[in-house]
Amino acid sequence: KEQALLSIGLCSISVVLSLIFGLFSVEGIAVANTIGLAGVVFVQYLILKQQVGGVHPGPIVKFCFSTAVMCGIIWLILQLDTKDAVKVFSSVIGGIVVYTFCVLKTGAVSEEDLDMIHRGLFVFGPLRKILEHVFIWLKRI
């Protein structure tokens, strides 16, 4: 119950930050969401650490690092002088590539995690074959 209430409060703060930063630019909304997410992760970690004695912050730090790198790359893409559709498409693809690469290279996802995800691909039905090729590529990274 405490976690749920905390999540609601932190998400509300994120919405307020988005509204305030959104007055300046679309990038402001992205920054507000990133700050809000970092706050949620940090506070959730502190509360979890109080309840469970042996929580290691390593994976959390790695995910936060990956998110920071991804945000920087997307910010650079948004500075390009191109059409908005190109910026959005490039940002989505760039974010996926950078985030995936960072998460896999920093070891935030273990081999067991990857095997579990691989076994769960069957739920995608016909898309499974395409996802299998993507997954094989990701495991090589």
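- In this structure, L80 and K87 approach most closely via the heavy-atom pair O-CE, 2.8 Å.
- L19 and I13 fall into different hydrophobic clusters, defined by Ile, Leu, Val, Met, Phe, Trp and Tyr side-chain heavy atoms under 4.5 Å apart, directly or through other members.
- By the side chain to side chain donor-acceptor pair (under 3.5 Å) test, S90 pairs with no residue at all, sequence neighbours left out.
- Annotation: side chain of V16 is not in contact with side chain of S12 (no heavy-atom distance under 4.5 Å).
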